[in-house]
Amino acid sequence: MSMTKTYNWAIIGCGHIATKFASDLKLLPNVKLYAAASRDLNRAQNFAKEYGFDVAYGSYEELVNDPKVDAVYIATPHSFHRDHALLCLNHKKAVLCEKAFAMNKNEAEEMVECAKENNTFLMEAFWTMFQPSFQKAMKIIESGKLGKLKILRSDFAFNAPFNEDKRLYNTKLGGGSLLDIGIYPVFAALTSLGVPEIIKTFANFSPTGSEESINIIFKYKNGDMANLTSSFAAHSPIQTEYFCEKGHLTLNPRWFTPTDITIWKEGGEVTKINSVHKEGSGYHYEAAHVMECLDAGKIESDKMTWQLSLDMMGILDRIRIDAGIFFPDHDKKLFF
């Protein structure tokens with residue numbers, strides 16, 4: 001789809017992931033890096049200066065009241081996603097909201113309803129969905145060339161030394177490996193096998209009460225299975241393997257980013273498909289899709305749909321209930 005308009009992008013939250021997204025936005029011809037906002041004005045000003053944004057705001061309210069803002073990328077911790085998404089949507093600003101989309105399905109449903117009420121675009125920023133390597137892998141699996149997919153194995157783990165002051169271990173900010181990185185293996189299973197019938201979990205917790213490591217097993221009515229792992233305590237290959245009747249396919253290390261693919265077929269034939277990605281980190285693919293949707297007058301993506309995000313949050317809720325992962329400031333409706 002051709003792009004017809006230049007969009008003024010704004011970023012809420014000037015942390016690490018925002019720096020990567022801002023850098024990749026520069027790769028797109030129809031983007032104007034317009035505004036950056038943080039609750040710390042100096043931080044917003046430094047961020048805007050470094051990445052070439054026109055204006056900086058010391059509050060999110062100032063940003064959403066700027067009539068020049070077309071689309072907002074929400075890069076704050078997931079404990080704030082609901083509030084910040086509602087703020088933007090109620091001011092008619094298109095929203096690309098980082099994952100985890102929200103803290104639970106109830107919050108995600110509020111966000112979707114607000115988008116409908118305001119007739120305003122909303123999408124979860126699950127960048128993996130738009131990576132060329134991931135899309136290629138899905139086409140191969142769906143083609144049936146390897147037979148039916150039966151088992152999936154996916155992991156994302158790295159060693160993050162315990163620090164109670166860091167977001168990763170702060171339960172008030174949704175700390176724990178599941179919502180931060182475990183969401184990727186869950187996404188791999190959901191997009192290939194669907195919503196599981198049975199979920200079993202084994203979790204280990206840090207001194208702050210945040211979940212540090214988790215292993216998750218999905219069982220489906222037809223006998224298909226998924227084995228998923230995330231952890232802040234150890235390193236893993238960070239890859240996803242699709243085990244099919246006539247072979248298997250591996251999205252190679254850092255599988256959720258632009259990567260290459262290895263295919264093994266019955267009989268021993270091995271094929272490697274190199275990544276076609278050439279520049280940037282890979283965040284510009286989702287931003288380009290958002291603008292294609294806006295050009296077409298859509299308020300919902302046909303790829304990263306609202307239902308997919310709601311299914312994801314529903315599965316994460318089920319995992320947390322089984323594992324005993326609880327966020328007191330958010331989960332009263334979920335657990336009681």
Side-chain angles (χ1 to χ4, degrees), residues 9-22 35-39 44 57 59-61 63-64 69 71-118 120-129 167-168 170-184 186-187 190 210-211 283 286-287 290 299-301 304-317 319-320 325-334:
W9 277 84
I11 292 181
I12 284 181
C14 299
H16 177 65
I17 197 166
T19 65
K20 292 185 176 182
F21 186 80
S38 170
R39 290 203 169 101
Y57 291 113
S59 76
Y60 305 140
E61 289 75 16
L63 183 145
V64 298
V69 171
V72 180
Y73 172 64
I74 297 176
T76 51
H78 29 262
S79 54
F80 299 110
H81 286 177
R82 170 196 171 273
D83 292 348
H84 294 160
L86 297 184
L87 176 66
C88 294
L89 293 168
N90 283 326
H91 285 79
K92 309 290 186 180
K93 306 300 185 186
V95 171
L96 176 62
C97 182
E98 257 308 328
K99 62 202 173 316
F101 199 40
M103 293 291 280
N104 53 50
K105 188 176 180 180
N106 291 327
E107 292 185 357
E109 288 174 336
E110 285 186 73
M111 294 158 65
V112 169
E113 287 306 311
C114 189
K116 292 178 181 178
E117 290 170 5
N118 286 284
T120 300
F121 183 85
L122 170 67
M123 190 183 89
E124 183 175 6
F126 223 114
W127 65 320
T128 304
M129 176 65 82
R167 176 186 63 83
L168 299 182
N170 187 337
T171 57
K172 290 186 178 180
L173 298 179
S177 78
L178 178 64
L179 293 192
D180 196 81
I181 56 176
I183 191 170
Y184 284 100
V186 173
F187 172 83
L190 176 60
S210 66
E211 161 271 317
Y283 291 92
E286 62 181 354
V290 169
I299 65 170
E300 178 184 8
S301 165
M304 193 65 213
T305 65
W306 293 337
Q307 188 59 55
L308 183 58
S309 292
L310 293 175
D311 286 345
M312 172 75 70
M313 292 311 308
I315 292 171
L316 292 170
D317 286 351
I319 292 169
R320 293 201 294 117
I325 301 168
F326 180 47
F327 302 120
D329 295 340
H330 297 265
D331 289 337
K332 291 181 179 179
K333 291 181 180 180
L334 179 63

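For this chain, numbers begin at 1 and follow the sequence in order.
Within the 4.5 Å cutoff, the side chain of Phe80 has no heavy atoms near those of the Ile74 side chain. In this structure, Tyr184 and Lys99 have side chains that are in contact, with non-hydrogen atoms separated by less than 4.5 Å. Residues Thr120 and Val95 fail the side-chain proximity criterion, which asks for heavy atoms closer than 4.5 Å. When side chains are defined from C-beta on, Lys93 does not count as touching Leu87, because their heavy atoms never get closer than 4.5 Å. Using a 4.5 Å cut-off on side-chain heavy atoms (C-beta onward), Thr305 and Met123 make no contact. Between Leu63 and Val72 the shortest side-chain heavy-atom distance falls below 4.5 Å. You'll find the side chain of Glu98 reaches within 4.5 Å of the side chain of His81, heavy atoms only. Residues Ser177 and Glu211 form a side-chain contact, since some pair of their non-hydrogen atoms from C-beta on lies under 4.5 Å apart.
A ring-centre distance under 6.0 Å is not found for Phe101 and Trp306. The distance between the ring centers of Tyr60 and His84 falls below 6.0 angstrom.
Using the six-membered ring where Trp is involved, Phe187 and Phe126 have ring planes that are parallel, under 30° apart on the 30 and 60° scheme. The aromatic rings of Trp127 and Tyr283 lie parallel to each other, with less than 30° between the two planes, well short of the 60° mark.
A 6.0 Å sphere centred on NZ of Lys172 holds no more than 12 heavy atoms belonging to other residues, nucleotides or ligands.
Under the 3.5 Å distance criterion, the side-chain polar atoms of Thr171 are left unmatched by any main-chain donor or acceptor of Gly174.
Electrostatic pairing of Asp311 and Lys105 does not count as a salt bridge here, judged by no charged N lying under 4.0 Å from a carboxylate O.
A distance of 11.5 Å separates CD1 in Ile181 from CD1 in Ile183, rounded to the nearest 0.5 Å.
Evaluation of the side-chain hydrogen bond (donor to acceptor under 3.5 Å, both in side chains) rule for Asn90 yields Asn118 as partners, not counting sequence neighbours.
Residue Arg82 forms a salt bridge (charged side-chain N to carboxylate O under 4.0 Å, His left out) with just one option from Glu113, Glu109, Glu110, and that option is Glu110.
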